[in-house]
Amino acid sequence: MLNKSILVIIFLTAFHRQTLAQDDNLSGSKDFYCSPGVIGLPRSKGVVFKYEIIPPYTVKSTSKNLLYNNADAGISRNGRLDIKIRVPIINKPGIIIIGGLHYYQEQLHFTNPSEINYPIYVGLEDRSLKSVGGQFYVVKPTKKNTYFLLRTSLDFNGDFTQSDIAKKDMLKISVAPMFGWKRNDNLSYAVGVAFGYVFGRGIVYPVFSYNKNFSSKWGIESLLPAFIKLRYSNNEKQYWYFATVLSGASYRLSNKIPGLESTVQPHIHHSEIKLGLTLEQEMHNWLWCSAEIGYRRNFQFNLTNSAGRNKDVLIKNKLSGAVYIGLSLFMVPPKKWLKVNNDK
């Protein structure tokens, strides 16, 4: 997701900060580069396994197309699996490049599936919405108090089980360049522009990042309009987050779904906002876990006959609000690796 990936850039720059001498490099020194990250951030996540479940909620569907009627149904369970791997490609004081891979799968299980005959319900009951792709994160600091960030991603979103879908129809590309200022070790902000799917379809929109520590325990991380997170930490082994996150995606479906045979490019456009509380806890030097609970509100889950969200809308689906629960297991760089870098 675009918003999460840019946050990862900020996390990963903590590595860069630790590879440099502990010096205030904000005065434009010729020997030190500006580091975008603020102090107090946790160690960067290298491998992440996350599973999220949303208990029962309802869906109501309406259509102005004469081929479809209105319908409603209950969703007994909505499960989401998210796996991410990130590795440094170049880690130098003057430039950092991180490569990443991810796999995402979402499944919806309807109440009484044997009684369902509405096209979109049938299509989602026995298929998964999947996203597979890769990312590159570039951090280019300067020897002043400025830096440049770039995130690009290439994803394939859709129903991978059907041979009738061309790979180019599932391809989604996102990019977000940003230019930032590091005022001190407790304040960093950046502005830029992004092309992504946070609103459910590919659009260009301005972005503003603001990261500030209010004290040794409290801080804020944000990338408006995508997210804002309030962080609390009493020690380096435990972090609490209270966050509001906006996310979205677009998925190519198959024309073989009963009732959708006449469509050209059926797509699901999905966007939602979450308000949640997360606890991240160290289990071992390099192994962490997290638990998250919150409330999800859907903005759209529409079926269209094109890649554009507002074009050729076939069915408008309104999902009721619901609680969500997430569990994660992730790996971070061992402390001894960071110590080695500091000693160099």
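Nothing fancy with the numbering, it's 1 onward along the sequence. Source: prediction; values computed, not measured.
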Could you work out, with side-chain contact (heavy atoms from CB on, under 4.5 Å) as the rule, every residue matching [X], not counting sequence neighbours?
{"X": "F301", "answer": "L124, L129, I268, H270, N298, N317, L319"}
{"X": "L279", "answer": "Q238, W240"}
{"X": "F49", "answer": "V47, I83"}

- prompt: For E292 and Y241, does a side-chain donor sit closer than 3.5 Å to a side-chain acceptor?
  reply: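 Result is no, nothing qualifies.
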message: Assess, by modelled atom type and distance only, whether the side chains of S250 and H269 contain a donor and an acceptor separated by less than 3.5 Å.
response: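 Yes.
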message: Below 30° counts as parallel, above 60° as perpendicular, anything between as tilted: where do the rings of F208 and Y210 land?
response: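 Correct class here is parallel.
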[X]: which residues meet the side-chain hydrogen bond (donor to acceptor under 3.5 Å, both in side chains) condition with it, sequence neighbours left out?
{"X": "S216", "result": "none"}
{"X": "Y51", "result": "R77"}
{"X": "T62", "result": "none"}
{"X": "S328", "result": "S290"}

N-O pairing of K172 and D155 below 4.0 Å: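 A salt bridge is absent here (no side-chain N lies under 4.0 Å from a carboxylate O).
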- prompt: Looking at R231 and E280, does any basic side-chain N land under 4.0 Å from a carboxylate oxygen?
  reply: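 Salt bridge: no.
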Can you sort out the partners of [X] under ring-ring contact (aromatic ring centres under 6.0 Å, His included), two or more places apart, ordered by chain and number?
{"X": "Y232", "answer": "W218"}
{"X": "F179", "answer": "W181"}
{"X": "Y68", "answer": "none"}
{"X": "Y118", "answer": "Y121"}

field: Residues in salt bridge (Lys or Arg N to Asp or Glu O under 4.0 Å) contact with R80, at least two apart in sequence or another chain
entry: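 With neighbours one apart ignored, the set is E52, E106, E272.
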